Protein chains: 2
Amino acid sequence: MKTAKAKSRKIATASSANTRAVAGSAGGATSAQTGRPAKPPNRAERAAQRREAIITAGLDEFTARGFAATRLDDVARRAGVAKGTIYLHFKDKEALFQELVRTALVPLIGNLAAAPAAGGSVRDILERFAETFVREIAETKRGDIVRLIVAEGARFPSLADFYFREVVSRGLAAMRKLIESGIARGEISNARLADFPQIVVAPALVAVMWHGLFGRHAPLDAVAMLKVHLDLIFGERRVS
Amino acid sequence: MKTAKAKSRKIATASSANTRAVAGSAGGATSAQTGRPAKPPNRAERAAQRREAIITAGLDEFTARGFAATRLDDVARRAGVAKGTIYLHFKDKEALFQELVRTALVPLIGNLAAAPAAGGSVRDILERFAETFVREIAETKRGDIVRLIVAEGARFPSLADFYFREVVSRGLAAMRKLIESGIARGEISNARLADFPQIVVAPALVAVMWHGLFGRHAPLDAVAMLKVHLDLIFGERRVS
DNA sequence: CAAATATGACTGACTAGTCAGTCAAATTCA
DNA sequence: TGAATTTGACTGACTAGTCAGTCATATTTG
């Protein structure tokens with residue numbers, strides 16, 4: 001843990017730093033689109049690809065084993081890279097872990113922020129959100145990340161803080177707005193719900209946990225559950 | 001794993017050592033409750049106490065660091081015992097971990113089973129249960145165990161299975177009974193709730209997670225939240 | 001005192017992080 | 001243009017440690 005003393009190194013190499021800059025700009029170019037027939041990756045592009053590969057491999061390994069039990073040798077092998085290469089891109093194991101969570105969560109933030117954009121009743125918005133959440137998060141690798149946060153968050157306060165700031169508080173703020181809108185429109189009768197947006201999200205989180213822990217033995221119809229929960233919030237409107 | 005080589009040890013130094021032993025035993029004598037005037041612990045009792053101490057220490061260490069990062073040296077020190085002693089009581093680290101979770105969960109099962117015993121309306125029962133849950137679990141070390149299950153459950157399928165069998169399925173079954181009773185009594189209008197007892201429990205679980213991850217920075221009035229949630233389930237009954 | 005217990009120094013397996021050297025790509029030069 | 005030179009991304013053997021589990025020795029008990 002607290003190994004790596006300050007050391008007396010001074011890092012003659014003024015280089016290194018620019019790697020980040022180049023990688024960052026090239027990051028957008030990444031792989032993905034293959035419409036192009038010829039693709040001669042230059043140095044910066046290859047570096048960005050490597051970085052990407054390390055993050056992806058790290059995601060797989062960390063979600064499979066947790067932070068402490070993950071071996072960087074395995075991450076390197078899975079990424080098709082030498083172990084030392086990891087340290088060209090990330091300061092240490094923890095930095096990789098944080099960057100990985102960071103990267104994987106940006107899309108989540110996007111989703112949460114975009115939800116209110118669509119029109120319709122608040123109930124419709126939440127119903128759509130529930131379906132999207134189950135399909136895109138609870139039952140995918142993104143769900144593993146959420147579980148990873150819950151699992152390791154207590155051991156990485158800075159990670160928990162980041163997650164709270166960037167995802168939880170924003171998500172809850174958006175949800176509160178939505179609830180207030182529902183109250184104003186007369187869709188939601190209990191005004192106190194706006195005090196605890198967590199209530200609306202809770203079953204979705206339980207769905208994520210359930211899927212990861214018990215999903216194989218006792219599958220849960222998460223979408224159906226979330227709809228029943230919405231019935232509680234908005235009052236039943238089953239067609240029966 | 002596959003150790004057990006021949007070895008070529010010799011160790012001439014038989015010196016010192018015993019001084020430490022005396023100090024160690026003196027420290028271990030500690031113990032807590034001294035209400036009893038005479039206490040002649042025989043061999044079996046002392047062994048049981050040791051075992052207990054190891055489990056308690058293990059609980060503290062595992063909840064603080066997770067499975068992989070916990071050192072048995074620390075567990076031993078915290079228990080006031082030598083490391084070897086742990087192996088007199090448990091086959092290995094994993095056995096200690098499982099036994100510890102097992103032991104710590106028995107009380108939880110008791111709580112869940114006892115809930116319906118008390119009389120009153122279903123709403124009253126659940127309200128009492130919510131208060132108890134927050135006071136005795138969410139904000140105590142028991143909550144850490146729940147988080148520990150979520151954290152390590154994916155890595156220990158047998159542990160997740162045990163937890164599901166012994167706690168989750170029983171707890172949900174009891175909750176379903178309660179919900180059905182509420183429906184029969186006319187307290188709960190949405191009959192579909194009985195299909196998803198998870199919904200009733202979800203905010204309580206969120207409270208546990210919240211307390212562990214964000215509690216220090218953003219405290220959550222869990223009891224108030226759970227009551228609002230009960231308002232959703234039973235219909236408002238705020239005196240206003 | 002012999003048996004039962006407890007101890008903690010020790011071992012071996014394993015791993016995070018380092019760094020001197022390599023070589024393909026980029027750049028400069030003639 | 002194409003040979004010479006420079007760059008820096010990448011490698012992987014290596015260092016310095018960590019820690020689960022063992023066992024010879026010491027202590028306690030009946």
Side-chain angles (χ1 to χ4, degrees), chain A residues 1-5 7-9 11-20 22-23 40-51 53-54 65 67-77 79-97, chain B residues 1-29 40-51 53-54 61 65 67-77 79-97:
Chain A
M1 289 308 186
K2 71 295 306 296
T3 57
K5 264 316 157 53
K7 248 59 176 310
S8 61
R9 48 183 29 278
I11 310 167
T13 58
S15 52
S16 59
N18 49 1
T19 304
R20 297 303 313 283
V22 174
N42 64 14
R43 211 122 88 169
E45 279 168 2
R46 281 181 53 82
Q49 285 175 0
R50 286 265 149 102
R51 191 187 155 87
I54 292 168
R65 304 197 211 299
F67 179 78
T70 290
R71 293 181 294 269
L72 289 192
D73 283 297
D74 290 346
V75 174
R77 190 174 328 120
V81 149
K83 182 155 73 148
T85 304
I86 294 175
Y87 289 89
L88 296 176
H89 293 278
F90 305 97
K91 180 175 147 288
D92 57 15
K93 191 184 185 183
E94 185 167 337
L96 168 61
F97 183 61
Chain B
M1 296 303 182
K2 71 298 306 290
T3 56
K5 263 302 156 57
K7 252 71 171 301
S8 63
R9 51 198 8 294
K10 67 296 304 291
I11 312 167
T13 61
S15 58
S16 58
N18 46 4
T19 307
R20 300 300 315 286
V22 174
S25 66
N42 64 11
R43 209 118 92 167
E45 279 168 2
R46 281 180 55 81
Q49 285 175 1
R50 287 263 153 105
R51 193 187 154 86
I54 292 167
E61 292 289 329
R65 301 195 215 300
F67 179 79
T70 290
R71 293 180 292 266
L72 289 192
D73 283 297
D74 291 345
V75 174
R77 189 175 330 121
V81 147
K83 183 156 70 149
T85 305
I86 293 175
Y87 287 88
L88 296 176
H89 292 276
F90 303 97
K91 181 175 147 288
D92 57 15
K93 190 184 185 184
E94 186 168 333
L96 168 62
F97 181 62

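The chains referred to below are lettered A, B, ... by the order of the sequence lines, with proteins before strands, and numbering in each begins at 1. Model, not experiment: these values are computed from the prediction. No hydrogens, no waters, no symmetry mates; every other heavy atom, side chains included, goes into these values.
- Contact check, B:R50 against C:dA6: a side-chain N or O comes under 4.0 Å of OP1 or OP2.
- Atom CG in A:D73 sits roughly 13 Å away from atom C1' in C:dT18 (whole-Å rounding).
- Rounded to whole angstrom, the span from the CG atom of A:L88 across to the P atom of C:dA20 amounts to 14 Å.
- Between A:K93 atom NZ and C:dT15 atom P there is a gap of 9 Å when expressed in whole angstrom units.
- Atom P of nucleotide D:dT29 and atom CD of B:Q49 are separated by 12 Å, given to the nearest angstrom.
- Contact of the B:R51 side chain with the B:I54 side chain is not registered, since no non-hydrogen atoms from C-beta on lie closer than 4.5 Å.
- Here D:dT22 presents its P atom at 13 Å from CD1 of B:I86, a figure rounded to the nearest Å.
- Atom pair A:R46:CZ and D:dC10:C1' shows a separation of 9 Å (rounding to whole Å applied).
- The heavy-atom pair separating A:R50 from A:H89 by the smallest distance is CB-NE2, 4.1 Å.
- Taking atom CZ of residue A:F97 and atom C1' of nucleotide C:dA16, one finds them 16 Å apart after rounding to whole Å.
- A straight line from CG of A:D92 to C1' of C:dT15 spans 14 Å, rounded to a whole angstrom.
- Annotation for B:K93 and B:A68: closest pair NZ-O, 3.3 Å, computed over non-hydrogen atoms.
- Contact check, B:T85 against C:dA6: no side-chain N or O comes under 4.0 Å of OP1 or OP2.
- A:L96 and A:I86 make their closest contact through CD2-CG2, 4.5 Å (heavy atoms, listed as atom of the first residue, atom of the second, distance).
- Nearest-nucleotide assignment on DNA chain C puts the 5′-proximal partner with B:V81, out of A:T70 and B:V81.
- If you check every strand for non-hydrogen atoms under 4.0 Å, B:K83 touches a base.
- Close to D:dC10, at under 4.0 Å from its OP1 or OP2, lies a side-chain N or O of A:H89.
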